Number of protein chains: 2
Amino acid sequence: MAETLDATDWLILAELQHDGRVPLTELARRVNLGASATTERVKRLEAAGVITGYRATVDLDRLGYPVLAVVRLKHSGSRHEPFHRLLEERAEVLECLRTTGDDCYVLKVAATSMPHLERVVNALSFFGDTNTNLVYSQTLPFRGPREP
Amino acid sequence: MAETLDATDWLILAELQHDGRVPLTELARRVNLGASATTERVKRLEAAGVITGYRATVDLDRLGYPVLAVVRLKHSGSRHEPFHRLLEERAEVLECLRTTGDDCYVLKVAATSMPHLERVVNALSFFGDTNTNLVYSQTLPFRGPREP
DNA sequence: CTTGAAAGTACCCTTTC
DNA sequence: GAAAGGGTACTTTCAAG
């Protein structure tokens, strides 16, 4: 259910996606609005669930996770709860998409080394056939959607 | 190149990844540190490139992008610049991973409708064979890495 | 790393268009 | 209904210990 957003709302969203810590006064300046009007719009976007949160983004390399991989999993069997429990435990799984097609799940996995990645994939293999591809590089994490 | 991070640094990172807008005083309270010491650590993490930025996260549904898909692309030919130029232009491509294996690129694409997705995939198909899977659901965007 | 003071910022309320 | 202005509490920053 899409909200009714005007161009200013999209501007605010673009700014906040680019820099989630920008002070409201500075944000107001950038979107050519008063401080309180800007505050109200941001609060409205948060309350409406358009803005779901604010996160710091980190460099995996510098955190000691130089290995990134895309793992596709063809889950066998119909009981998916044990698999979901593994996802909760395994912080190495940064993201998990359930998709149509042969590969029911597409996972993004960060690991400290190849042996570490192997252990994670072994754990995943318990739930079905896996297909792993290492990631050479990725575009900057943020590519926000534009006004449709 | 991994930095030397102690347990407090990892605590700070966890808090900031969970709530990037938490006030420094509150953050200091949560990690049992003084405000200035916390500020210094955060600044150090930012300066070291461990923290790469702060982003607001948005709900694609509520922004009018109810369709999410994983597109795998087998790029044909060796000149990848035109493809990268398309990525710049197409804000619908939220993420693009270059990977090993048959499918050189794995993309996450948001679209306003199935016809819209079709147009994006058509544009991508110009560069090679594509394989598209719709996304049913995804885990909450944030799954941060833990202390190794 | 902690404490303390000053500047800046955010929040709430009222006023105005 | 939406935006601008003003007073108060809070946060951030910088100094010194």
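The shown structure was predicted, so the numbers you read here are calculated from the model rather than taken from an experiment. In the text below, chain A, chain B and the rest are named by the order of the sequence lines, each starting its count at 1.
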Give every donor-acceptor pair under 3.5 Å between a side-chain atom in residues 27-38 of chain A and any protein atom, sequence neighbours left out.
| unit_1 | atom_1 | unit_2 | atom_2 | d |
| --- | --- | --- | --- | --- |
| A:Arg29 | NH1 | A:Glu26 | OE1 | 2.7 |
| A:Arg30 | NE | A:Glu26 | OE2 | 2.9 |
| A:Arg30 | NH1 | A:Glu15 | OE1 | 2.8 |
| A:Arg30 | NH2 | A:Glu26 | OE2 | 3.4 |
| A:Thr38 | OG1 | A:Gly34 | O | 2.7 |

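Ionic pairing of A:Arg119 and A:Glu92 is not present here: no N-O contact between side-chain nitrogen and carboxylate oxygen is shorter than 4.0 angstrom. The residues A:Asp102 and A:Arg72 are annotated as not salt-bridged, no charged nitrogen and carboxylate oxygen being separated by less than 4.0 angstrom.
Taking the six-membered ring for Trp, B:Tyr105 and B:Phe127 have ring centres at least 6.0 Å apart.
Atom NE2 of A:His84 is surrounded by more than 12 heavy atoms from other residues, nucleotides or ligands within 6.0 Å. Counting heavy atoms of neighbouring residues, nucleotides and ligands inside a 6.0 Å radius, atom CD of B:Glu147 exceeds 12 of them.
Using five terminal pairs a side, the axes of the helix from C:dC1-D:dG17 to C:dC17-D:dG1 at its two ends make an angle of 30°, given in steps of 10 degrees.
Under the rule for a side-chain contact (heavy atoms from CB on, under 4.5 Å), the partners of A:Ala110 that lie at least two apart in sequence or sit in another chain are A:Leu60, A:Tyr65, A:Leu68, A:Leu94. Residues satisfying the side-chain contact (heavy atoms from CB on, under 4.5 Å) test with B:Ala123, not counting sequence neighbours, are B:Leu86, B:Arg90.
Of the possible polar contacts, none joining the A:Thr52 side chain to the B:Asp59 backbone as a donor-acceptor pair under 3.5 Å is found.
No side-chain heavy atom of B:Thr139 sits less than 4.5 Å from a side-chain heavy atom of A:Val93.
Extent of DNA chain C lying under 4.0 Å from chain B heavy atoms, first and last nucleotide in 5' to 3' order, is C:dC1 to C:dT3.
Residues of residues 20-42 of chain B that place a heavy atom closer than 4.0 Å to DNA chain D, in numerical order, are B:Pro23, B:Leu24, B:Thr25, B:Ser36, B:Thr39.
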